[in-house]
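Along the sequence shown, the residues carry numbers beginning at 1.
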Amino acid sequence: MKSLWKKYDTSVIAVLVSVVFILITAFFNYYLAIAEILILGLLVWSKIAYSQNVRQKLLYNVQAVADTLDFEQGKAFEKLKVACAFVEENGSIIWFNESFKNTFCIDETTPVLSLKQLLKKDNLSKIFEGKGFRVKVDSQCFAVYTSLVKLEEENAYLLYLFDETKLRLTEKEYYESRPSIMLSVIDNSDEIYQRFKESDCAAVFSKIEQMIDDWASGYGGLCRKFSNARMMIVVEERGLQKMIADNFSILEKIRNLTYDGKPTELTLSIGVGKEQSLNSSNDSAKQALDMAQSRGGDQVAIKHEAQYKFYGGVSAGFEKKNKVRTRLIAKTIAGIIKDSDNVLVMGHRFSDFDAFGSAAGIYSIARNFGVPANVVVDKKTSLAKPLIERFEDNKYPDMIISPDKAPDKVGENTLVVVVDTHKQSFTECPELVDKAGRVMVIDHHRKSVGFIENTVVFYHMPNASSACEMVTELAEYVDSKPVIDSLVAQALLAGIMLDTRNFVIRSGVRTFEAAAYLKSRSANTVEAKKLFSNDMEIFRRRNNVIDSAERYREFCAISVAEMQTPDIRLVTSQAADEMLNIEGIKASFVLYKNGDEINISARSFGEVNVQLIMETLGGGGHQAMSACQLSSSDMKTARQKLEKAIDKYIDKYMNTDSES
């Protein structure tokens, strides 16, 4: 019946409908129903007879072709080492050679064969499309090719099944044995000398070397040491896949390492290169290692064909107390600015206090050297409107330029400075990056794929609290005399206060040193705090968003903002911050609709790395403050995706004894 339905589905439906009508007829006229039964039986019999006749003709034609061959040719066809079979459109096998019989263990007791029985789940339509494809039968792999044989209204197919089992095993072994280069470095190796004696440091490094060597050897890897902090590992693809499945357990072992009862506070970063040659793999490993450290360290970055994958990155980035690099960068930036005809500074779209404040700092440095400068910002969408208005009301009336007019300012020797982001697509005017001959990037967000390349300076510090902190340090060293006034200092302080939530999170020694320097330049914390003031309507909207928050997985809060208002970004970001004040909440998420997209603002105190959660959804940011945009216009679907990302993060990185 299955075969009948496959081949004559419309006929089967017609027969079933006819039977229904015969039953209805029998209720009214018994003799007429008998006549209908006879007619239906005759039609069914004629259809089956016709089908059998076609089958016989097909078999006859197959036999006729075989008869035209001489004995040796016919024997060769029958004894052909390639499995061959004739099949009908319904999958019934009507002839096969000896190789086919031996391949599928067919004997005289085997019932009527069907291709479905042999190929199981594989769709017959694939076979009859005429294109070659691969199929697996039990432990054997075959490449299948077909030839169409037309006979009146029926079609049959000659199948050739080439056994590729050994070839596939060889292919698998080739890929699994491909070597990858891994470069590892201890992120904060210099600082261990401040906590341990010289002899103890040697013992710590020796212990780390042994741990890494044992770990790599467990996966068949070969380990070589470059220095106390750097090692190289060569591992096959099969071993690398096991490392990935184990989530690179060496990261946690190094992170939790203690010596003489004291934590070493060390973290490990690993860059992995997977390319066609060892040289290119080594180059990719270096780039991947740089990416891992630029994202804060304590993680693994794998680069393969210009694509990155990241593992780990749970802990916060370590703070470097040495400002030697900052001083050198400041002198380099000063020379580049002096050598420019004009400077255009821009931050990310929907600029906040940190983006605009750091842009104002670079603007002030350029003007100090007598170089014309402008800040590119869209005032309509900016979240730093109170700060922008203060600049426009004072002595900076020509400071701001809109993104649509900025390209006209680009000349042969124009310098474009990008602050508070390192991705071209996130900037106020992406066209400037392509049009300008020289581009500089100053950012503190953890590095992600798609960063701006070919820059004259890429000043990136993921351990810094904010871009304003970085620009403040540059302002201290860029010239021997002060280069910022009280209003610019106020803007820089406001940016630091925003990203640290008034010095609560991500505040290191250098953060307070930067704030102290700004205070010496007449910055006022009270005036900076006033910039964060809201009108009554924004205050009410923010509270409405907080009021709709729901607890998820015990320590996460999720709220959906259904309102439509021009200041929705400001409202939701402030609501996400305030939701962290709820007892027991470690991470907060606010979803809101913006056009055809659904945005998510994520906040935490650092214990939950919201950047990893947002990266799962295509977003980014840093450990305590991140966001993403989803193309889905369905809020329910967007929330389900968020919850799934939270579940994945918690199950992977956090030990939770209870579930919500």
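Every ring pair (Phe, Tyr, Trp, His ring centres under 6.0 Å) that Tyr311 has, sequence neighbours left out, goes to Phe248. Residues passing the salt bridge (charged side-chain N to carboxylate O under 4.0 Å, His left out) test with Arg327, sequence neighbours excluded: none. Evaluation of the side-chain contact (heavy atoms from CB on, under 4.5 Å) rule for Glu643 yields Tyr552, Ile558, Arg639 as partners, not counting sequence neighbours. Annotation: side-chain contact (heavy atoms from CB on, under 4.5 Å) contacts of Ile452 (sequence neighbours excluded): Val418, Gln424, Val433, Val439, Val441, Thr455. By the salt bridge (charged side-chain N to carboxylate O under 4.0 Å, His left out) test, Glu171 is found to be paired with Arg168, residues two or more places apart in sequence or in another chain being considered. Residues forming a side-chain hydrogen bond (donor to acceptor under 3.5 Å, both in side chains) with His444 (at least two apart in sequence, or on another chain): Asp354, Asp420, Asp499. Annotation: side-chain contact (heavy atoms from CB on, under 4.5 Å) contacts of Ser206 (sequence neighbours excluded): none. For Asp647, the salt bridge (charged side-chain N to carboxylate O under 4.0 Å, His left out) partners at least two apart in sequence or on another chain are Arg553. By the side-chain contact (heavy atoms from CB on, under 4.5 Å) test, Lys242 pairs with Tyr219, sequence neighbours left out. When the side-chain hydrogen bond (donor to acceptor under 3.5 Å, both in side chains) test is applied to Ser601, no partner is found at least two apart in sequence or on another chain.
In terms of heavy atoms, Cys628 sits closest to Gly619 at CB-CA, 3.5 Å. When all heavy atoms are compared, the tightest approach of Gln276 to Tyr174 is OE1-OH, 4.3 Å. When all heavy atoms of Val608 and Ser604 are compared, the closest pair comes out as O-OG, 2.7 Å. Closest approach of Lys207 to Thr258, counting heavy atoms only: NZ-O, 3.5 Å. Glu554 approaches Ile585 most closely through the heavy-atom pair O-CD1, 4.4 Å. Heavy atoms only, all atoms of each residue included: Asn188 and Glu265 are closest at ND2-O, 2.8 Å.
Side chain of Tyr259 to backbone of Phe196: no donor-acceptor contact under 3.5 angstrom is found. Side-chain atoms of Ser588 come within 3.5 Å of backbone N or O of Ala576 as a donor-acceptor pair. Remark: side-chain polar atoms of Thr616 are paired, donor with acceptor, to backbone N or O of Leu612 under 3.5 angstrom. The closest donor-acceptor contact from the side chain of Ser358 to the backbone of Val471 lies at 3.5 Å or more, if one exists at all. A donor-acceptor pair under 3.5 Å links the side-chain atoms of Ser269 to the main chain of Asp298, judged by distance alone. A side-chain donor-acceptor contact under 3.5 Å links Ser507 to the backbone of Ile505.
The distance between the ring centers of His422 and His460 falls below 6.0 angstrom.
Using a 4.5 Å heavy-atom threshold, the side chains of Leu642 and Ile646 count as touching. In this structure the side chain of Leu159 never reaches within 4.5 angstrom of the side chain of Cys84, judged on heavy atoms. Under the 4.5 Å side-chain criterion, counting only non-hydrogen atoms from C-beta, Phe162 is not in contact with Val144. Two residues are said to be in side-chain contact when any heavy atoms from C-beta on lie closer than 4.5 Å; Ile250 and Ile270 meet this criterion. Side chains of Gln623 and Val610 form no contact here, defined as non-hydrogen atoms less than 4.5 Å apart. In this structure the side chain of Met243 reaches within 4.5 angstrom of the side chain of Met182, judged on heavy atoms. Met579 is listed as a side-chain neighbour of Val590, based on a closest heavy-atom distance under 4.5 Å. In this structure the side chain of Phe589 reaches within 4.5 angstrom of the side chain of Cys556, judged on heavy atoms.
In the displayed structure, Arg230 atom CZ is contacted under 6.0 Å by at most 12 heavy atoms of other residues, nucleotides or ligands. Surrounding CG of Asn256 are more than 12 heavy atoms belonging to other residues, nucleotides or ligands, all under 6.0 Å away. Enclosure of atom NZ in Lys225 by more than 12 non-hydrogen atoms of other residues, nucleotides or ligands within 6.0 angstrom is indicated.
With rounding to the nearest 0.5 angstrom, the CD1 atom of Ile442 is 4.5 Å from the CD1 atom of Ile333. The OG atom of Ser284 sits 11.5 Å away from the CE atom of Met291 when rounded to the nearest 0.5 Å. Rounding to the nearest 0.5 Å places OG1 of Thr267 at 9.5 Å from CD of Gln299. The structure places CG of Asp260 at 6.5 Å from CG of Asp200, a figure rounded to the nearest 0.5 Å. Taking CG from Leu268 and OG from Ser184, the interatomic distance works out to 5.0 Å, rounded to the nearest 0.5 Å.
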From CA spacing to verdict: side chain to side chain contact (heavy atoms under 4.5 Å, CB included), Met440, Ile336 = CA-CA 9 Å; Met440 183 188 301; Ile336 295 173; 4.1 Å; yes
key: From CA spacing to verdict: side chain to side chain contact (heavy atoms under 4.5 Å, CB included), Leu183, Asn282   = CA-CA 8 Å; Leu183 299 177; Asn282 185 57; 4.2 Å; yes
From CA spacing to verdict: side chain to side chain contact (heavy atoms under 4.5 Å, CB included), Lys586, Phe605 = CA-CA 6 Å; Lys586 299 178 182 179; Phe605 282 127; over 6 Å; no
inquiry  = Walk me through whether Met625 and Met614 qualify under side chain to side chain contact (heavy atoms under 4.5 Å, CB included).
reply    = CA-CA 10 Å; Met625 185 183 300; Met614 292 295 99; over 6 Å; no
request  = Show the numbers, then the answer: is there a side chain to side chain donor-acceptor pair (under 3.5 Å) between Asp443 and Thr421?
outcome  = CA-CA 5 Å; Asp443 188 31; Thr421 183; 5.3 Å; no
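Ring orientation note: the planes of Tyr193 and Phe205 are tilted relative to one another, at an angle of 30° to 60°.
Side-chain contact, Thr326 with Tyr459: a donor N or O sits under 3.5 Å from an acceptor N or O. In the model, Thr511 has a side-chain atom that pairs as donor or acceptor with a side-chain atom of Glu469 under 3.5 Å. Side-chain atoms of Ser280 and Ser277 include a donor-acceptor pair closer than 3.5 Å. Side-chain atoms of Ser217 and Asp214 include no donor-acceptor pair closer than 3.5 Å.
Counting only residues at least two apart or on different chains, the salt bridge (Lys or Arg N to Asp or Glu O under 4.0 Å) pairs with a member in residues 274-291 are Glu237-Lys274, Asp290-Lys447. Note on residues 458-467: no pairs pass salt bridge (Lys or Arg N to Asp or Glu O under 4.0 Å), not counting sequence neighbours.
One finds no salt bridge joining Glu236 and Arg178 here, because no Lys/Arg side-chain nitrogen approaches an Asp/Glu carboxylate oxygen to under 4.0 Å.
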